[in-house]
Every structure is written in C-alpha cells, then in structure tokens.
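As structure tokens, the structure follows; a few thoughts come after it.
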Amino acid sequence: MNELRLRAVREPDAPPEDKESEPEAKVDGETASDSESRAEATPLVTSVDDTPEVLNRALSNLSSRWKNWWVRGILTLAMIAFFFVIIYLGPMVLMIIVMCVQIKCFHEIITIGYNVYHSYDLPWFRTLSWYFLLCVNYFFYGETVTDYFFTLVQREEPLRILSKYHRFISFTLYLIGFCMFVLSLVKKHYRLQFYMFGWTHVTLLIVVTQSHLVIHNLFEGMIWFIVPISCVICNDIMAYMFGFFFGRTPLIKLSPKKTWEGFIGGFFATVLFGLLLSYVMSGYRCFVCPVEYNNDTNSFTVDCEPSDLFRLHEYNIPEVIQSAIGWKIVRMYPFQIHSIALSTFASLIGPFGGFFASGFKRAFKIKDFANTIPGHGGIMDRFDCQYLMATFVNVYIASFIRGPNPSKLIQQFMTLRPDQQLHIFNTLRSHLTEKGMLADATEN
C-alpha cells in the first residue's frame, strides 16, 4: 500500500517535468518573440552613483536635484577645459582623441548587446565585432592618408603599394570576417546571430562612419571642427539651464525631463553663441586655414591666405530693422552667416540624436550607456548629438563651401606618365589660348 501511495504521489509530478523540458527543445526553432522575451528577462547592469567622494561630501547637505545640478556643472567645466587643452595641442592630438572616443562609444554599444544576449553564449560575437571595427577603421583611415598625405605616400614604396591596393585589401579583410561569421553560425541561434550581426554593422555605421567625417571636417579648417562641436555643447548646457529653472511643459515622451522652455531657450542662446564664437575665430589664420601636411617639416601646417569667407564684409541692413536698431550697415564675416545654419541645426535637429539615444536606452531599460563620467553617463551619452552634427557639417561643406582643390589636382597630375602629362599640358594650353588668358600670363 505504501508503494502504491508513493507511485500515486510521483505520477502527477511527471507531466510538469516533461513540460518544463519543452521550452528547451523549442530553442532550435526559436522565434523573434522568444528572443525578445528572453532578452527582456536578461537583467542589464544599471547605472550606479560613481560621483567622486570629494563631491559627495561637499554636496551632502543638498537635495538630490541640486546635487545633480552641481555635479553636472563641475564635470561640464572640467570637460570644457579638457576640450581647450586638446585644441591647443593641435590637429594630430585631435585626431587621436576622435579615434579614442569612437572606440569607447563602440565598446559601450557592443557591451549593451553582449549584456542582453550573453546567456546565449554566442560564439565569436565580441571577437568578430572588434575585428569588423578594425577593418572599417583601416578602410577609412587609409582613404584619409591617401587623400591628405599623398606626397608622403608616393615617396615611400611600402605606403605607395598599400595605397594602390588599399580598397582591395580592405575588402579582403572584410570578407575574412564575413566568412568567420558564417562559420560561427549555430543551428539553434541562427536568428539571434543575424540580429547581432546587424547590431554590429549598424553600430559601425553610426559611430565609425560619422567619426571619420569629424576628421574630414577638421582638415577643412579647425573652425569647421570647433564651432559645430561648441554649438552642440552650448545647446546642451543652455537647454539644461533653461529647463532646470524655467521648464514646465514636457517636450517629448522619450525624454520626460526635456521641456519646451529648455528647447526654445537653448535655440536662441546657441544662435547667439555661434555668431560670437565665429566672429572671434574668423580673425585667426590658425583656425580658418585648412590643415595640410608639410612634407619638408613632416608636420601639419595651418598657414594660408584666408579666403573671402573669413574676411570682413559690409552688409546693408533691411529698412524694417534699421528703424529698430538704428544701424544701416553691419560689418561681419560671411562665415558668421553660415554659423547661423550650423547653430540652428545644432539646437533644433541635433537634439533628435539625443532623443534617438534615449529611445535606444529605454528599449533596453538602462539609464546611461555607461558610467564613465559622473553625472553624465557614458561617452556615447555625450556624443549622441555630435555624430549627427558631424554628418550635417560634412554635407554642408560639400554642398555650399568646398570647390575644386588645385593642390590635389597637381598631386594627381604628377603621378601620371610623361605622355599623359604632356597631353594634359597641350590640352590646357589650347584651352587657355582660346580664352585669351595664356598671352596675358606670358606677358606678365
């Protein structure tokens, strides 16, 4: 009888054990909803208070609202001071800093993906992610070296060979990573592995491609690098200040703390700041001249004759405004007019990069990308708007500012065969003779 009772107790427990084993068997045919539910169940590392102990003690008597205000303010001033230091150190240091920021942003985004999906034990995920980062950087920086260090590349035989076959080498490196990914596919994780493959490539598109555009903007002149970045920083600070003291009306659900008062106040403050900063910087050659590599000194130079964009012009003020301010003519740099477009984008469209990042963080239930900067979060939290701004500046320069570069044309001309050079010379001479310019040049 006792044996029968024991069997009766055990038998009802058997079916649940079989049912519990069913989800594990379904992993082979895992659906998107299964992946999403498991991903949401995976706890992420939440941000912790890593404020320096010195600040915690000094601000211990303040409320959390004012404590956060002071922490953000002090760390913002420290970052601005660091920004001035790297500008003083020159273009080479700026490029190194841009690359370091790019790597850190990539690390923060990839780490989020790894934390979400680490329970699946995906093979080679992190290794392949960093390998693709290396490949993309090799491609972009190789293109930059070929464009801006052309004479140096042609002078050194190894560099000349690498430059000639640069794109083929880059594509070969990418194909190696692609094949490694295909070989790493595991039957029960096909769908998830392709998710993470897309995750890595979108991260490369957002971070690496746009940081490469930052360097291209830098070579156009330090002013095209400093003014846009400063406008984003100014808008971030002033929007926070206006929102902190006057904010009442919520702006967007993705960022509940953002207000219309901060958004509008940041816009007007940023436009005014852009005009003033552009006026000051336009008077210095070290800021307005393109960054070029000097082969004689093996260093960067920023010396040139400023273009009309950076020379004072007189502009007539419309009569409607004359009656209000009493001025008929105003002297300003043409670049200041362009700065209005830059500051407007930084204050009206740039914040949407932050909103995009907020939506991304909400999707994965995290407060910040990392805890690198106390009171500010990770590096990506500070550069979410900067990448969008860098793309706009690069497109703006290509559309409205940049023209043909004579020095690059001459560099390409010098690499041609003698018969090709002679053909171009004869064609150009005939063209100038027809226009009547060659005779004038000969007489002079």
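Start at 1 with the first residue, then count along the sequence.
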inquiry  = Show the nearest heavy-atom pair for residues Ala269 and Phe242, with the distance to one decimal.
reply    = CB-CE1, 4.5 Å
request  = Can you see which heavy atom on Ser358 is nearest to which on Leu254, and at what distance?
outcome  = CB-O, 3.8 Å
inquiry  = Looking only at the side chains, is there a donor atom on one of Asn137 and Gln102 sitting less than 3.5 Å from an acceptor on the other?
reply    = yes
key: Ser343 vs Thr270, side chain to side chain donor-acceptor pair (under 3.5 Å): CA-CA, chis, key distance, verdict   = CA-CA 6 Å; Ser343 57; Thr270 303; over 6 Å; no
Aromatic ring proximity, centroids under 6.0 angstrom, Tyr333 and Phe310 = no
Glu143: partners by salt bridge (Lys or Arg N to Asp or Glu O under 4.0 Å), with sequence neighbours left out = Arg167
key: Residues Ser282 and Gln336: side-chain donor-acceptor under 3.5 angstrom   = no
message = With a 6.0 Å cut-off (strictly less than), is the heavy-atom count around CD of Glu305, excluding the residue itself, greater than 12?
response = yes
query = Below 4.5 Å, heavy atoms only, C-beta onward: do Pro290 and Phe219 meet side chain to side chain?
reply = no
task = Verify whether the ring centers belonging to Phe287 and Phe335 lie closer than 6.0 Å.
result = no
inquiry  = Ignoring hydrogens and geometry beyond distance, is a side-chain donor-acceptor pair present between Thr200 and Ser129 at under 3.5 Å?
reply    = yes
message = Would you call the rings of Trp224 and His338 parallel, tilted or perpendicular, taking 30° and 60° as the class edges?
response = tilted
